[in-house]
Number of protein chains: 2
Amino acid sequence: MGIEKDFSTKLSAGDVTIERRDIEMLEAIDRQGSMHGAAEELGRSYARLQNRIVELEAEVGQLTERQRGGRGGGGTRLTDTAHELRRRFDRHATELDGVATVTESVFTGTVDERTGELATVETAAGPIVALAPPGVREVQISVRSDAVVLTDPDETPEPDGTSLRNRFAGTVTAVEPGEEIASVTLSLAEDEAGDGNGNGNGDADLEALVTRSSRERLGLEPGRSVVASFKATAARGTRLDSQ
Amino acid sequence: MGIEKDFSTKLSAGDVTIERRDIEMLEAIDRQGSMHGAAEELGRSYARLQNRIVELEAEVGQLTERQRGGRGGGGTRLTDTAHELRRRFDRHATELDGVATVTESVFTGTVDERTGELATVETAAGPIVALAPPGVREVQISVRSDAVVLTDPDETPEPDGTSLRNRFAGTVTAVEPGEEIASVTLSLAEDEAGDGNGNGNGDADLEALVTRSSRERLGLEPGRSVVASFKATAARGTRLDSQ
DNA sequence: CGGCGTTGTATCGCCATGGATATCACGACC
DNA sequence: GGTCGTGATATCCATGGCGATACAACGCCG
């Protein structure tokens with residue numbers, strides 16, 4: 001459909017929200033050693049840049065050591081706080097990028113039982129324990145492909161010794177190998193399992209990302225039957241109806 | 001420090017990026033049955049709202065069935081495309097909200113070996129297989145708490161029958177019980193495991209989210225030794241140095 | 001046939017953001 | 001003490017987004 005998941009990462013501290021622009025500003029200051037240099041490098045006005053630094057420091061604490069005068073006129077260096085802020089922003093950005101990049105499997109269903117923030121939802125693939133917003137009955141549950149664990153059905157005897165709450169038997173219908181990461185789609189349908197053609201537009205398809213080594217070790221090929229599990233805290237429900 | 005992870009969710013389609021404002025607009029139209037009504041409800045001008053609809057439809061396809069004239073003057077209804085768009089936005093938003101809400105464990109280390117996008121990183125807790133950006137040696141690896149699986153060490157004999165690539169022995173140092181979801185922090189340090197006081201500012205701490213039922217079933221209390229695992233595709237590395 | 005409440009446009013003006021410019025303060029080095 | 005490149009600050013202006021307003025088109029209904 002040509003629609004892609006997107007986002008913009010931010011950090012909020014008090015009144016200000018720190019955006020990518022701010023982090024790039026800090027990095028430029030770090031490279032240039034001065035705010036004038038950074039403004040030039042970024043092609044933005046020094047005045048606004050300096051104002052922004054003051055705004056940020058009012059909320060976050062000291063980010064720079066600014067000195068005027070001296071040979072060359074002085075300069076500004078970043079504090080450890082600034083570096084830690086940048087690292088933190090980067091971590092957050094890659095995490096967000098993860099959810100925007102990774103595919104997801106969607107199950108629609110109705111909330112069956114609920115205890116607090118946790119709900120068991122009846123879906124075409126069976127009951128799923130998931131986080132669900134309060135006061136909703138019809139939900140769609142999305143499971144990120146990088147949260148799905150595949151195991152050999154012969155070697156997974158203990159259903160109680162793990163914190164994996166959701167566990168389904170399925171058969172591999174398609175494997176899309178990447179360089180190092182392969183995408184494996186399973187059919188969880190109990191009745192019509194393994195209908196051969198991997199269309200599976202039914203609501204009982206589950207996608208999983210595995211490393212090449214895991215794919216080879218588990219022998220993941222179409223037709224292979226595996227056990228797929230994922231944590232309840234990694235399955236998130238969203239309302240289906242308008243309000 | 002008072003800094004919180006934040007974000008804004010978007011969908012990008014061709015030239016336009018769909019933001020929350022647009023989705024709220026669609027919902028208002030759905031409720032009111034007309035664009036004038038929606039503009040009034042949202043307190044924004046009809047002209048801009050109508051323009052925005054045209055912009056969106058130029059990229060995404062028909063979102064509305066607009067009719068002028070007739071009894072009551074006409075009105076507009078949403079198409080299925082619009083409803084699907086809204087659901088998709090909601091799913092994406094809750095996924096992003098997940099990473100902004102959940103805590104993460106951070107390990108710093110150096111890339112040891114690399115095959116494509118996958119790298120094994122040497123950290124204080126041992127080697128971690130993770131996704132890492134190319135051309136970087138010093139990385140920080142963040143693991144979301146909802147991606148960590150805890151298992152009973154006595155009942156996890158098969159290290160090869162699963163797609164969990166990272167597996168560490170650890171001992172519970174703290175448990176913070178919530179209503180239904182508990183946060184368990186482990187110490188993975190091989191030598192000084194279980195030093196008693198749960199400070200553990202060392203780089204070998206790992207946090208995991210488990211349901212209450214899992215916590216009780218596994219007997220997760222401070223001092224308990226468990227096995228923690230997570231997928232390589234759920235561990236993401238970020239550059240540490242400035243450039 | 002006129003009224004009514006929509007959808008479509010076109011135009012004006014407000015306001016926030018941010019660049020452009022100018023001026024001062026500073027302090028080590030020459 | 002002068003120089004020079006920096007930080008600090010104030011003012012003006014260009015631009016874009018958006019509300020406000022006005023007007024035409026439309027089609028059903030009384």
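Lettering follows sequence order; numbering is per chain, from 1.
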Would you mind telling me which of D:dG19, C:dG19, D:dG7 lies closest to the side-chain atoms of A:R21? C:dG19

On DNA chain C, does the nearest nucleotide to A:S45 precede the nearest nucleotide to A:R68 from the 5' side, or the other way round? Give the residue. A:S45

In whole angstroms, how far is the P atom of D:dC28 from the CD atom of B:Q67? 7 Å

Picking from C:dT9, C:dA20, C:dG18, the nucleotide nearest the side-chain atoms of A:A47 would be C:dA20

Let me know, please, whether A:G75 or B:G73 comes out on the 5' side of the other along DNA chain D by nearest nucleotide. A:G75

B:T103 and B:S145 side chains, donor-acceptor separation under 3.5 Å: yes

Should A:H36 be listed as having a side-chain N or O under 4.0 Å from OP1 or OP2 of D:dG5? no

Whole Å only: how far is the CZ atom of A:R52 from the C1' atom of C:dG18? 12 Å

Any donor and acceptor pair, going by atom type alone, linking the side chain of A:T123 with main-chain N or O of A:A125 inside 3.5 Å? yes

Go through D:dC18, C:dT6, D:dC12 for me and flag the one nearest to the A:R48 side chain. D:dC12

When the distance from OH of A:Y46 to P of D:dT11 is rounded to whole Å, what number comes out? 17 Å

Quick one, B:T9 and B:R20 - any side-chain contact, counting heavy atoms below 4.5 Å? yes

Checking B:R91 side chain against B:A93 main chain: does a donor-acceptor pair fall under 3.5 Å? no

With a 4.0 Å limit, can you tell me whether A:R66 has a side-chain N or O closer than that to the phosphate oxygens OP1/OP2 of D:dA8? yes

Could you state the CD-P distance from B:E41 to C:dT6, rounded to the nearest angstrom? 14 Å

Please state how far atom CD1 in A:I53 lies from atom P in C:dG18, giving the value in whole angstrom units. 14 Å

Write down the distance between CD (B:Q50) and C1' (D:dA22), rounded to a whole number of angstrom. 15 Å

Would you indicate what B:G72 reaches in the nucleic acid, counting non-hydrogen atoms under 4.0 angstrom: base, sugar-phosphate, or nothing? sugar-phosphate

B:L42 CG to D:dG19 C1': how many Å, rounded? 14 Å

Does the side chain of B:R71 get closer than 4.0 angstrom to OP1 or OP2 of D:dG27 through an N or O atom? no

Give a yes or no on this: more than 12 heavy atoms of other residues, nucleotides or ligands lie within 6.0 Å of atom CD of A:E179. yes

Taking for each residue the nucleotide of DNA chain C with the nearest heavy atom, is it A:G43 or B:V54 whose nucleotide lies nearer the 5' end? B:V54

Over how many whole Å does the gap from A:E40 atom CD to C:dA20 atom P extend? 11 Å

